[in-house]
Amino acid sequence: MGTASSLVSPGEVIEDAYGGEGGEACEIPVEVKPKARLLRSSFRRGPRVIGASFKSTGSVDLEYTAEYERLRKEYEIFRVSKNNEITSMQKKEAKLDEENKRLRAELQALQKTYQKILREKESALEAKYQAMERAATFEHDRDKVKRQFKIFRETKEKEIQDLLRAKRDLEAKLQQLQAQGIMVYDPDDSDDDDNHTTVTAAGTPCDYWGGGVLGSEPSMGSMMQLQQTFRGPEFAHSLCDVEGPFANVSRDDWDAAVASLLQVSPHVSQALWSNTVRCYLISTQETQAELDIFTQSYSPRLRSLCEGLGHFYLNVCFPEESAASYALERRQEMERSSVCVLLLKSSVTSCVLEDAEEAFVKNPDGHPLVLYLRTVEAHPLSGPTRQLLERVNAADKAAKVKVVDHGGSPEEGASMIYTQLEKVIKQVGLQTLWDEGREEDSGDVLWDLHDEQEQIEAYQQACSAAAQLGFQKYIDRLNDMVAAPPPTPPLLVSGGPGSGKSLLLSKWIELQQKHSPNTLFLYHFVGRPLSTSSEPVLIIKRLTVKLLQHFWSISGLSMDPSKILEEFPRWLERLSSRHQGNIIIIIDSIDQIQQAERHMKWLIDPLPVNVRVVVSVNVETCPQAWRLWPTLHLDPLNPREVKSVINTECLAADVKLTKDQDKKLERHCRSASTLNCVGVSLCVALCPSCRCAWSLEKTLEQCLLCQDTMSLYSLGLKVALDSLSTDGERHVMREMLCLVCASHNGVSESEVLAVFPDLGLPVLSSLLYTLQRLCIVGLGCGLIRFQHLQAAEAVRLEFMDGGTCSPAYREKLIHYFSQQLSQDRVTWRVADELPWLLQQQEDRAKLQLSLLNLFVSQNLYKRGHFSELLAYWQYVGKDKSSMATEYFDSLKHYEKSCESEDSMIRLGNLYETLGRFLKDLGLLSQAVAPLQRSLEIRETALDPDHPSVALSLHQLAGVYVQWRKYGNAEQFYKQALEISENAYGSDHACVARELDSLAMLYQKQNKYEQAEKLRKRSVRIRQKTARQKGHMYGFTLLRRRALQLEELTLGKDTADCAKTFNELGVLYYLQNNLEAAKVFLTRSLEMRQRVLGPDHPDCAQSLNNLAALHTERREYETAEDMYERALDIRKRALSPDHPSLAYTLKHLAMLYKRRGKLEKAVPLYELALDIREKSFGPKHPSVATALVNLAVLYCHLKKHSEALPLYEQALRVYEDSLGRSHPRVGETLKNLAVLSYEEGDFEKAAELYKRAMEIKEAEPSLVCGKAPSRHSSSGDTFSLRGPAPLPHAPR
């Protein structure tokens, strides 16, 4: 029996055309249906019966085999199908992997595209917003220009109609006057601005051209130039001739005089300009009781007095037992002292004799002297004491020594010494100087005298450097930059640290002041990073105020930090157009300014035509955007310069090197890393003094191992430590240097003595002497500071672990200043240091508490540190409103403790300061309340008519002006004006301030006539007060400078002494003290004739100045004789084109013209013109001025045809050099208009006059324009109104 399965052998396969993929062979099962019996038998239970038949047994086996085969085949089929499925799925998986990779790549590309599109979208949105802002600004400016143009067009159309109408009227009037035979009175010529032309007809005065209405037949006097409203130093020469900063400065030009004083390095000792009152006490054992009582009981009073004036006070006393070991320090302290006090009884020691001889006998005029002599009958004077007193008396020829002869108790003697010292301190000028600064505070601009003095001292120290390097090539390059045609980008002076950039700029400024007195210099020397001198807002504010000082008024200056930075370029542009010379701005180490590139954006903008900017930077820290500017790079020193620096420093340090040592030092200093001024100077300074433990050979050996300036400074610190005798002194030196490094602006000597109570002044003086000799620290503005940034960095690395110890030292300073604050001693030092230190420590809570001390904030604000105060509050996290609330609460709390009258006055001042502060912040509504409260307190505590009440009214009015409540503001201003007039008189500067404010208010209300009347009255008051006191603190500086110069004039006859006499004469001339000026100028002339000979050019200078003084006194014959003698000397001694010869020619020609000797004046004017053309070139504005002067003279001589080409040539020069819209162009056009009118060409005259008026009206106006000065006009240009008659007799 077979089945279909028997046709296929096991294991074989049959090809199936319909089966698996690709012709794959498959097993085909054959279904067998078993018999039921067989199946049943196969599942039968029970044991198999032995002996069963073969047939039944074989059937069962066959059935099992068939079942097995079937199952096996099914399994094979299943396995194959699953394998096929797996293979298929693997292929699909591979395809999916490839697809996945492709999709991932596409996704990444899409993500990148998305990010790019997103960035482009953000950029587009930002550009859109910027474009919208620009569009809004443009629309605002467009509307503004439209309004201005509409007003301008309407005004000009009206003026044209008025001019045409005036022309017709005047022509008719001219014909009538000619028909009546009107005679023209032409008085003698004069140069005064107060001159006027008088046209008479039957005794009746007639209008003239200068008044805006054409008169009939104007005289030759009307050919004089019209009144000079705007003038600058180049066109405002004085009759006085003096070298240096006072050249060509008239007495009325106070601002230029003060600016020159601020820019010059005085030929006086540093002690006279120091910010510290140093009292040098010389005492014996017998007067030790008086000294102890004075030091303990009265020194704190003097310290409080000086601190109230913004100065330090320091007692300098070397104990008698140890004085011999401090010989060098005693000599240095005596030179730096402000006043010396000698306390004697009966006997003296050798050290006391040495000090007394030095101070009272050898140099009695070096500083004020006080001699305290305790006379006791039981102890007569010893021989040495008596001889000392006799020598002191013989040396005191001027009777300047203040003698205190006392026979009572030591307590009374100490009191008498205190009384004398108090008088001396006030006489030094500190009180006057500070009062002047406080008086200026009554205005709207706040000024910090300490910042200004810091800059003066920085400039002086740089100028006083002994090393003379090969700077001439750099100076020539700087001169070429100044002379280059505009526009000129800033010049970059670059070099490595210590390469001499500050020295170069200072020397260049000093030379420029001598050779270009008409150039206005504005300089700023940046100190350490994060110091006050590197604060950008304070720098720009200082430069703006210095610039505005030359233009009479600074009341328009904003206090808002952002506005100060924004408005400086506008002020520079507006005021440069008023200045006829160049304006040069020098900023040293500009890269040390905080965020310099952001805050100095104005440097990138085009500068005005006559403005030049010079900045210095370190090569490594120069911003990238500035590297495109013209650069002057300081090269390393050449061997000759190295040799010169070594010799100079060795001579100054009294160090003698052998030839071998000198050559070694020179070879070492020629390496690139040490080839700079500081490195070479430091190498020489490291050579030891007699007290140093190191030998000269060892020091030089260590120097030769140093490869850069930093390692030299590290060596210097080690040398300084080794020179000290005790571990305590070494510890104090380390701590002191670390405190200086951790402070904001440095620390004072008195602060060091307070922080280290066991430290005596002799030891401190010795430490400072050593550190100064090693070029590590110096004294500036009364503070101990590092001389160079590398010195500070060396201290930070050597003593402060790279700066990690700074917080600990800041905490020490915080503790000290907090103690001062708790004792209610809020000095400018506390206000400067404590908030800054707390900010550096990130202690916001304590910083807020210190700011809420009202006297700290008041000190910062009144010294002009508005931006600094605002930055502290922003750091604390307070906005303007919450800050105002905090101040209000503090003031209310403080008011509860105020009971006495003095405390109420201080409270009123605090309220006023808060009101002004809030007004400057723009919180006008909140500013009213404190100002109103200040007014109430002052009216109650003082008097309703007290000047302080006027100040409160003035500030309240200012708030209402900004609030546009003009009615209230006018009422307050008028009340303040009335109080000021009653308190000071009608001619006081405070009255002028109120008049200016009222004029501004009326101008805002379009009440131009009332505003003009008030402004004219204010100008007259300011002119008068300027002659008496000077602008800002100018008079005080002039007087202080005169006192300093007087100290130098006592001695032998020398050329320098004669020069000092001459300068004193000019200073007294500027102060309107003609008698004193005559005395000093005469002494200068006599001394020069004795020392130099009667034909020396310096004698001509003295003759020129005396002639100017006699001209001022209207002693014309004497003046003419002296001018002629001066001219004769200068013609023989100087080259034909020398500027000094031109000055004398000009003054003599002016005197000839004033006396009516016009024919003698013409050749002098022609010669002066020729000299100017040779000196400056034919296109210089000074040449154009000489052309105008000569043209005016020709007009007086009726030579109109010769005057016309001169006027036209001058006009071309002015237009080419100064621009077509410059005031000088307008003045020349007026003169041409007058000439055309007198020639009968009325249409041309009207056209020229119209153009001149357009130029004048287009000029930017300040709050108060500079008043005309009659001395100013006596220089390069004449007064362009008719002259006044010459007086018949001199005054």
Side-chain angles (χ1 to χ4, degrees), residues 190-195 236-258 260-261 987 1022-1031 1034-1046 1049 1058-1088 1099-1123 1125-1126 1143-1144 1146-1148 1150-1151 1154-1155 1267-1275 1279 1284 1286-1291:
S190 176
D191 289 326
D192 290 347
D193 277 351
D194 298 331
N195 300 338
H237 297 314
S238 165
L239 296 179
C240 269
D241 178 22
V242 62
E243 296 176 356
F246 306 101
N248 312 316
V249 177
S250 73
R251 188 179 64 213
D252 291 339
D253 290 327
W254 277 99
D255 300 322
V258 172
S260 298
L261 279 172
D987 293 335
R1022 292 186 185 277
Q1023 278 186 288
K1024 186 174 181 179
T1025 55
R1027 295 190 181 99
Q1028 299 171 353
K1029 186 176 63 176
H1031 184 51
F1035 176 77
T1036 303
L1037 288 181
L1038 289 174
R1039 194 186 72 168
R1040 189 178 183 188
R1041 173 77 167 143
L1043 291 174
Q1044 294 164 355
L1045 291 171
E1046 285 186 14
T1049 56
K1059 181 179 178 180
T1060 304
F1061 276 128
N1062 182 70
E1063 192 174 346
L1064 270 171
V1066 176
L1067 281 168
Y1068 282 115
Y1069 171 83
L1070 290 172
Q1071 297 178 46
N1072 208 28
N1073 191 344
L1074 300 184
E1075 292 296 333
K1078 182 178 179 181
V1079 170
F1080 284 108
L1081 290 175
T1082 304
R1083 291 177 65 183
S1084 172
L1085 175 62
E1086 294 171 351
M1087 187 177 294
R1088 282 174 167 172
C1099 296
Q1101 183 193 58
S1102 296
L1103 285 168
N1104 190 90
N1105 288 346
L1106 276 170
L1109 187 127
H1110 286 295
T1111 302
E1112 175 76 15
R1113 296 160 64 95
R1114 305 202 176 198
E1115 298 168 357
Y1116 297 118
E1117 292 184 5
T1118 307
E1120 184 176 334
D1121 177 65
M1122 289 187 170
Y1123 273 136
R1125 287 167 58 191
Y1143 287 138
T1144 306
K1146 177 187 66 177
H1147 298 326
L1148 181 56
M1150 288 164 51
L1151 186 59
R1154 177 175 285 154
R1155 302 193 69 192
S1269 164
R1270 63 190 184 95
H1271 290 286
S1272 300
S1273 66
S1274 65
S1279 171
L1286 186 69
H1288 298 290
R1291 278 188 304 193

Point to revise | Worked check of side-chain contact (heavy atoms from CB on, under 4.5 Å) between Glu1117 and Arg1155 | key: CA-CA 9 Å; Glu1117 292 184 5; Arg1155 302 193 69 192; 3.5 Å; yes
Practice item. Show the numbers, then the answer: is there a side-chain contact (heavy atoms from CB on, under 4.5 Å) between Tyr1123 and Arg1125? Key: CA-CA 5 Å; Tyr1123 273 136; Arg1125 287 167 58 191; over 6 Å; no
Exercise for review: Decide side-chain contact (heavy atoms from CB on, under 4.5 Å) for His1147 and Leu1151; before the verdict, give the C-alpha distance in whole Å, the side-chain angles of both, and the deciding distance to 0.1 Å.
Suggested key: CA-CA 6 Å; His1147 298 326; Leu1151 186 59; over 6 Å; no
Exercise for review: Start with the C-alpha distance between Thr1111 and Arg1154, add both sets of side-chain angles, then the distance that settles side-chain contact (heavy atoms from CB on, under 4.5 Å), and finish with yes or no.
Suggested key: CA-CA 10 Å; Thr1111 302; Arg1154 177 175 285 154; 3.0 Å; yes
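One distance of note links CG of Asn1104 with CG of Leu1109; it measures 11.5 Å at 0.5 Å rounding.
Arg1088 has its side chain within reach of Asn1062: a pair of non-hydrogen atoms, C-beta onward, lies under 4.5 Å apart. Within the 4.5 Å cutoff, no side-chain heavy atoms of Lys1078 are placed close to those of Leu1074.
Leu1081 and Ser1102 make their closest contact through O-CB, 4.5 Å (heavy atoms, listed as atom of the first residue, atom of the second, distance). Across all their heavy atoms, Ala1058 and Ser1084 have their closest contact at O-OG, 2.9 Å. Contact detail for Gly1065 and Ala1077: the closest heavy-atom pair is O-CB, 3.3 Å. Here the shortest heavy-atom pairing between Cys1099 and Leu1085 reads O-CD1, 3.8 Å.
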